[in-house]
**Student:** 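One structure coming up, written as structure tokens, with questions to follow.
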Number of protein chains: 2
Amino acid sequence: MATEEQQFLEDYEPKEYPSVALTVDLVVFAVTDSVLHAVFIRRGGRPFRGALALPGGFVKPDEDALHAAWRELEEETGLDLGRHRAHVEQLATYSSPERDPRMRVVSVAHLALLATDSRTLPGLSPGSDASAAHWKPVHEVLADEELAFDHRDILTEALERLAGKIEYTLTAARLVPEEFALYQLRHVYDAVWNSRLDAGNFTRKMTGALTDTGRKVARSKGAPATVFTVKDEYLSPPLVRPAAGAHR
Amino acid sequence: MATEEQQFLEDYEPKEYPSVALTVDLVVFAVTDSVLHAVFIRRGGRPFRGALALPGGFVKPDEDALHAAWRELEEETGLDLGRHRAHVEQLATYSSPERDPRMRVVSVAHLALLATDSRTLPGLSPGSDASAAHWKPVHEVLADEELAFDHRDILTEALERLAGKIEYTLTAARLVPEEFALYQLRHVYDAVWNSRLDAGNFTRKMTGALTDTGRKVARSKGAPATVFTVKDEYLSPPLVRPAAGAHR
DNA sequence: TCGTTTATTGTCACTCTGACAATAAGCAGT
DNA sequence: ACTGCTTATTGTCAGAGTGACAATAAACGA
């Protein structure tokens, strides 16, 4: 039967079917000093000249969307992924026929999370494909900037997805080194939720899902913090995002 | 500038780019007698002749994926959507180059929820496009049947998405008439989670997000149940899915 | 050594939870 | 009409989890 099936496939002639160009778009997040940043590219050409856009590119014939997302992440940001902790997952697919005025382009949006030491953003190589990839604070961009195509929708959805997902998973730890102190993780939550969580309660609720390495790390001021490692993938019970305006 | 932009678009010549065929696949869920069902089509042609497949079809040049999903839902199941309460949302996009052995096909999977009276499944018109669309219990199919292409992955992801989403939203009410009794909603949770929730606790936790219509409806046996309507979109606090094996 | 800063632990009143009991309200058969 | 059965809804209760905040411990710099 296998040979019969092979014969069928060799004889198969694709019929008429509508075809589209397939791209990936990337929302690349990283956190410094409790502020959530994302990678943007200032558009040089039309349409949307001068507006900010998300990095992205075409999916090649022999790769799937996730693979294309990793490749574009490396090409457009110039990041050495052998050295950087990174996480990429699919967000959603944008397929409105009018989303690119030039032609029919369907884009699979992805969420990428880069680990930082909480102080410096991963360096974006200037010699890369992208004319001018750079980090910008997400909340400021959403408030002030014009974004090309439907990239504002994509960015908003990415932020909401991340904000929701860290409630019941340890995805926030993807934005922090493999070994980290609780204040680093808490700053990620504060950056994403735009909140100011109570340190004591955060410790109580988070430690159950973490492994204590036994080591401590000193900050410039104050008591040294314990170094942890992720133990569980899920948070149970979940952490709930405080309502809009944090208290103090 | 608008005219200049128009001129640019008129002169624009699409360059070389890889192109793919874009389809939608549908996971159509409905609940009867506390059992979760989905629509399947028995494949007549190759490849995967004889296996079960999910309904779906090509996205046309002038529509987006969500529109195509609604259209295919109507065409392949023969459902009159003017009469049926239905909800459709995007699930994820499957783009492995080998997922269809005939050619490069990228599919945007969708989750569709059809409301039922908890006793009968929506009728699938036999005169429709699909050779033999029919309802099958989801858990049985996952246990016993061969599924074409990557449709097992899609079905699994759809189930997990639904199971997770009803924890913190009232999405379960999409599988039930606009006005419903609590036992109907509870049966949806039982069907999706494969659980047997306590009726008293379910009432306590759910009523806060519902509106009491003041009316009651009698079942064949037992006390009449209050008729409710959905008030909130989100459940707070969320309902948590009991661990694997339910108690009784 | 003192004052400042920060991590971690403790406290407390309050809420929410699951398990299960009690009550109320229908139906079917006698 | 009464009995028994079934189901919806409300109640009970001990235990777990919560936010706000206080107390303790452990650095660092002057």
Side-chain angles (χ1 to χ4, degrees), chain A residues 33-34 118-119 167-168 176 179-190 193 195-228 232 234-248, chain B residues 33-34 118-119 167-168 176 179-190 193 195-229 234-248:
Chain A
D33 284 317
S34 302
S118 315
R119 311 224 131 269
E167 289 190 351
Y168 62 98
V176 125
E179 301 193 324
F180 55 90
L182 279 176
Y183 74 87
Q184 293 181 291
L185 193 59
R186 182 160 43 84
H187 286 343
V188 170
Y189 278 87
D190 285 340
W193 285 348
S195 61
R196 197 58 62 103
L197 299 180
D198 178 275
N201 294 334
F202 186 81
T203 301
R204 190 201 331 153
K205 295 200 263 194
M206 200 58 83
T207 43
L210 303 177
T211 304
D212 188 336
T213 64
R215 271 169 295 132
K216 302 240 173 197
V217 66
R219 287 236 261 167
S220 53
K221 297 179 171 183
T226 313
V227 175
F228 290 93
D232 301 330
Y234 290 93
L235 265 180
S236 135
L239 228 58
V240 277
R241 186 169 8 168
H247 302 259
R248 21 178 316 161
Chain B
D33 284 316
S34 301
S118 314
R119 312 225 131 269
E167 288 190 352
Y168 62 100
V176 125
E179 301 192 322
F180 56 89
L182 280 176
Y183 73 88
Q184 294 181 290
L185 193 58
R186 183 161 41 85
H187 287 343
V188 170
Y189 278 87
D190 285 340
W193 285 349
S195 62
R196 198 58 64 102
L197 299 179
D198 178 276
N201 294 336
F202 186 81
T203 302
R204 191 204 326 156
K205 294 199 264 193
M206 201 55 83
T207 43
L210 303 177
T211 305
D212 187 336
T213 64
R215 272 170 293 134
K216 302 239 172 196
V217 66
R219 287 236 261 167
S220 53
K221 297 179 170 185
T226 314
V227 175
F228 289 93
T229 274
Y234 291 93
L235 264 180
S236 132
L239 229 57
V240 275
R241 184 168 11 164
H247 301 259
R248 18 176 317 154

**Student:** Applying side chain to side chain contact (heavy atoms under 4.5 Å, CB included) to A/Leu239 and A/Met206, what does each step give before you reach the verdict?
**Tutor:** CA-CA 9 Å; A/Leu239 228 58; A/Met206 200 58 83; 3.9 Å; yes
**Student:** Using a 4.0 Å cut-off on heavy atoms, which residues in residues 205-213 of chain B reach DNA chain D? List them by number, or say none.
**Tutor:** none
**Student:** With the side chain of B/Val240 defined as its heavy atoms from C-beta on, choose the nearest nucleotide among D/dG17, D/dC21, C/dG18.
**Tutor:** C/dG18
**Student:** Can you pull every protein N or O that's under 3.5 Å from an N or O on nucleotides 7-9 of chain D?
**Tutor:**
residue, atom, partner, partner atom, Å
D/dT7, O2, B/Ala223, N, 3.3
D/dA8, OP1, B/Arg219, NH2, 3.2
D/dT9, OP1, B/Thr226, N, 2.8
D/dT9, OP1, B/Thr226, OG1, 2.4

**Student:** A/Arg215: what forms a salt bridge (charged side-chain N to carboxylate O under 4.0 Å, His left out) with it, not counting sequence neighbours?
**Tutor:** A/Glu179
**Student:** What is the distance from CG of B/Asp198 to P of D/dT12, rounded to the nearest Å?
**Tutor:** 16 Å
**Student:** Checking B/Glu167 against A/Tyr168 for the side chain to side chain contact (heavy atoms under 4.5 Å, CB included) test, could you report, in this order, the C-alpha distance in whole Å, the side-chain angles of both residues, the deciding distance, and whether it holds?
**Tutor:** CA-CA 11 Å; B/Glu167 288 190 352; A/Tyr168 62 98; over 6 Å; no
**Student:** Between P on D/dG19 and CZ on A/Arg196, what's the gap in Å once rounded to a whole number?
**Tutor:** 17 Å
**Student:** Measure the distance from CZ on A/Phe180 to P on C/dA7 and round it to the nearest whole Å.
**Tutor:** 14 Å
**Student:** Starting at atom CZ of B/Phe202, determine the distance to atom P of D/dG11, rounded to an integer number of angstrom.
**Tutor:** 19 Å
**Student:** Whole Å only: how far is the CZ atom of A/Arg241 from the P atom of D/dT18?
**Tutor:** 17 Å
**Student:** Below 30° counts as parallel, above 60° as perpendicular, anything between as tilted: where do the rings of A/Phe202 and A/Tyr189 land?
**Tutor:** perpendicular
**Student:** Look up atom OG1 in A/Thr203 and atom CG in A/Leu182, then write down how far apart they are to the nearest 0.5 Å.
**Tutor:** 5.0 Å
**Student:** Could you check how far CG of A/Leu239 sits from C1' of D/dG19, rounded to whole Å?
**Tutor:** 12 Å
**Student:** Could you tell me if B/Ser195 and B/Asp190 have a donor-acceptor pair between their side chains, going purely by distance under 3.5 Å?
**Tutor:** yes
**Student:** In Å and rounded to the nearest 0.5 Å, what is the CZ to OG distance from A/Arg196 to A/Ser34?
**Tutor:** 6.0 Å
**Student:** Roughly how far, to the nearest 0.5 Å, is CZ of A/Phe180 from OG of A/Ser118?
**Tutor:** 10.5 Å
**Student:** Roughly how many Å is it from CG in B/Asn201 to C1' in C/dA21, rounded to a whole number?
**Tutor:** 12 Å
**Student:** Kindly say whether, by distance alone, the side chain of B/Arg204 makes a donor-acceptor pair under 3.5 Å with the base of D/dG11?
**Tutor:** no
**Student:** Starting from C1' on C/dA7, measure out to CD on A/Gln184 and report it in whole angstrom.
**Tutor:** 13 Å
**Student:** Using side-chain heavy atoms (C-beta onward) and a distance below 4.5 Å, is A/Pro242 in contact with A/Leu197?
**Tutor:** yes
